[in-house]
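Numbers for residues simply follow the sequence, beginning at 1.
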Amino acid sequence: MTQTATIAPAAGFRPQPVEAFNRIGEENAFAVLARATALAAEGRDIVNLGIGQPDFPTPPHIVEAAIKALRDGHHGYTPSTGIAPLREAVAADVHRRFGEEIDPGRVVIVPGGKVTMFSAILMLGEPGAEILYPDPGFPIYRSMIEFTGAKPVPVPIREENGFGFSAEETLALITPRTRLIILNSPANPTGGVTPKAEIDALVAGLAKHPHVVILSDEIYDQFLFDGEAHTTLLAYPEIRDRLILLNGWSKTYAMTGWRLGWSLWPVGLFEPMRKLAVNAWSCVNAPAQFGALAALTGPQECVGEMVAEFDRRRTLVVDGLNALPGISCAMPKGAFYAFPNVTGTGWHSAKKLASALLDEAGVATIGGPDFGVHGEGYIRLSYANSAQNITRALERMADFLAHARAA
């Protein structure tokens, strides 16, 4: 009888990923959420203004549609790009809201908004390439750029510009090595909305750079205040053949845990995206897609009600922040985040201030540097929490700033 030799691993051996994985960053909102949850488990009373998640339940008609899909036997695979009725509903919703025609055949249903970011950056990023992204901005942009080996080029998002991007400053950063430019308005983490005039100027300037693809992250397109109207990049036919549009259901319909997004791809990138879907996630789960279909084709009053409540909370949080010593906060025009300037508090590190607020005051926020180098001097607060909790958080912050020693 032949015996198989057992090969013992070398002493101290630990499997290691390839070098690219050492460049992957974090989304610190989830780290703060974990820390806040751990403190709560210890008996601490924590008010979480860190995570960007609506505190509303998913509307009942959406939930019921998913349950019905399960009962009707929708238990199997779907096409990798999504079920046809949902892709058609996305196109119809875009036409209803913006008057723009899009081909449902180039819509891809994906498991969350991040998947579109990952896919676009993976397709276009490699050593020697450059990718422009907003800073401060959603941290996954830079994380995935660095993963591909491309050079991340931050586009400064400045308070003096209302936290919108400057077309002139953005265009000046484009070089022959630029492959992709990422735009986000309304914006996370600042709540900024870039004026249409700046978007017009950017698109006009991009005519000189036909080699640059645009990824427009419009996930907060229905969260606008003070009469602001959303300017979608779909409104510019001159860049449609190189535009990737990112959107989804998580924020608009309070469906963060459903993991549902959609994206529109230009002709040259749709087939690579379809293949990536086949290789990576096969398809989005079937009943969730039927829930998403109900969200787009069902009553929309739920969206307006949530936005109206966020508007009330926006005023509450901004007025409260501006009453705190050493803090000033511009009024956000979109999304559901406030991005107060904390340089007047005497704290030299916004991350240290955010950590102290959590550990000592029981208020979870995110330090601005977690969103980029231009985020120093700011912290992010999500007002996707109840007015009662926001008030409690502001009271705790006032007490903390009155008694704590700056570090």
Side-chain angles (χ1 to χ4, degrees), residues 81 87 90-91 94-95 98-110 113-126 128-134 137-138 140-142 144-145 148-155 164-185 187 194 196-219 221 230-248 261-277:
T81 52
R87 298 165 77 195
V90 166
V94 167
H95 185 263
F98 302 119
E100 299 294 334
E101 299 281 351
I102 65 171
D103 178 2
R106 291 195 287 111
V107 171
V108 180
I109 309 302
V110 287
K114 286 178 180 174
V115 176
T116 300
M117 302 170 199
F118 175 86
S119 302
I121 295 168
L122 190 64
M123 282 184 205
L124 298 167
E126 62 180 347
E130 295 178 356
I131 297 179
L132 277 60
Y133 69 99
F138 190 54
I140 302 307
Y141 302 146
R142 183 180 181 107
M144 292 317 306
I145 295 167
T148 67
K151 178 183 178 182
V153 180
V155 175
F165 63 76
S166 158
E168 181 180 6
E169 195 167 19
T170 304
L171 291 166
L173 294 170
I174 296 176
T175 75
R177 295 179 297 278
T178 304
R179 295 277 187 83
L180 176 69
I181 176 172
I182 302 172
L183 307 174
N184 177 216
S185 177
T194 299
K196 183 178 184 299
E198 289 295 321
I199 298 176
D200 289 346
L202 178 71
V203 171
L206 285 171
K208 299 177 182 177
H209 307 284
H211 63 290
V212 177
V213 177
I214 304 101
L215 169 60
S216 184
D217 181 348
E218 302 184 17
I219 195 74
D221 68 347
H230 179 60
T231 302
T232 177
L233 271 289
L234 290 170
Y236 300 87
E238 59 268 45
I239 59 168
R240 185 72 74 87
D241 63 350
R242 51 181 168 139
L243 173 67
I244 303 166
L245 190 84
L246 181 162
N247 213 312
W262 65 265
S263 45
L264 179 70
W265 293 80
V267 172
L269 296 178
F270 175 81
E271 185 61 13
M273 179 58 184
R274 185 196 66 78
K275 289 182 179 178
L276 187 57

**Message:** Is there a side-chain contact (heavy atoms from CB on, under 4.5 Å) between Y133 and I121? Walk through the geometry before answering.
**Reply:** CA-CA 11 Å; Y133 69 99; I121 295 168; over 6 Å; no
So which atom in [X] and which in [Y] form the shortest heavy-atom distance, rounded to 0.1 Å?
| X | Y | result |
| --- | --- | --- |
| L243 | P266 | O-CD, 3.1 Å |
| T175 | H211 | O-NE2, 3.1 Å |
| S263 | V110 | OG-CG1, 4.4 Å |
| W265 | S119 | CH2-CB, 4.0 Å |
| A150 | G125 | CB-CA, 3.9 Å |

Side-chain donor or acceptor of [X] paired with backbone N/O of [Y] under 3.5 Å:
| X | Y | value |
| --- | --- | --- |
| E198 | S166 | no |
| T194 | S185 | no |
| R87 | V108 | no |

Taking the side chain as C-beta and beyond, is there a heavy-atom pair between [X] and [Y] under 4.5 Å?
| X | Y | result |
| --- | --- | --- |
| I214 | L206 | yes |
| F270 | L264 | no |
| D217 | Y141 | yes |
| D241 | V267 | no |
| F138 | I182 | no |
| T148 | L124 | no |
| V212 | R242 | yes |
| L183 | I199 | no |

**Prompt:** So with a 6.0 Å cut-off around CD of E238, is the heavy-atom count from everything else above 12?
**Reply:** yes
Do we see a donor-acceptor contact under 3.5 Å between the side chains of [X] and [Y]?
| X | Y | value |
| --- | --- | --- |
| T232 | E100 | no |
| E218 | S216 | yes |
| D200 | Y236 | yes |

To the closest 0.5 Å, what do you measure between [atom1] ([X]) and [atom2] ([Y])?
| X | Y | atom1 | atom2 | result |
| --- | --- | --- | --- | --- |
| W262 | L245 | CH2 | CG | 4.5 Å |
| R274 | R106 | CZ | CZ | 15.5 Å |
| D103 | R240 | CG | CZ | 10.0 Å |
| N247 | D221 | CG | CG | 4.5 Å |
| N184 | L246 | CG | CG | 9.0 Å |
| K151 | L132 | NZ | CG | 10.0 Å |

**Request:** Could you give me the CA-CA distance, side-chain angles and deciding distance for T178 and V153, then say whether side-chain contact (heavy atoms from CB on, under 4.5 Å) is met?
**Result:** CA-CA 9 Å; T178 304; V153 180; over 6 Å; no
**Prompt:** Could you walk me through whether R179 and E126 pass the side-chain contact (heavy atoms from CB on, under 4.5 Å) check?
**Reply:** CA-CA 9 Å; R179 295 277 187 83; E126 62 180 347; 2.6 Å; yes
**Request:** Go through the steps to decide whether I145 and L180 satisfy the test side-chain contact (heavy atoms from CB on, under 4.5 Å), and finish with yes or no.
**Result:** CA-CA 10 Å; I145 295 167; L180 176 69; over 6 Å; no
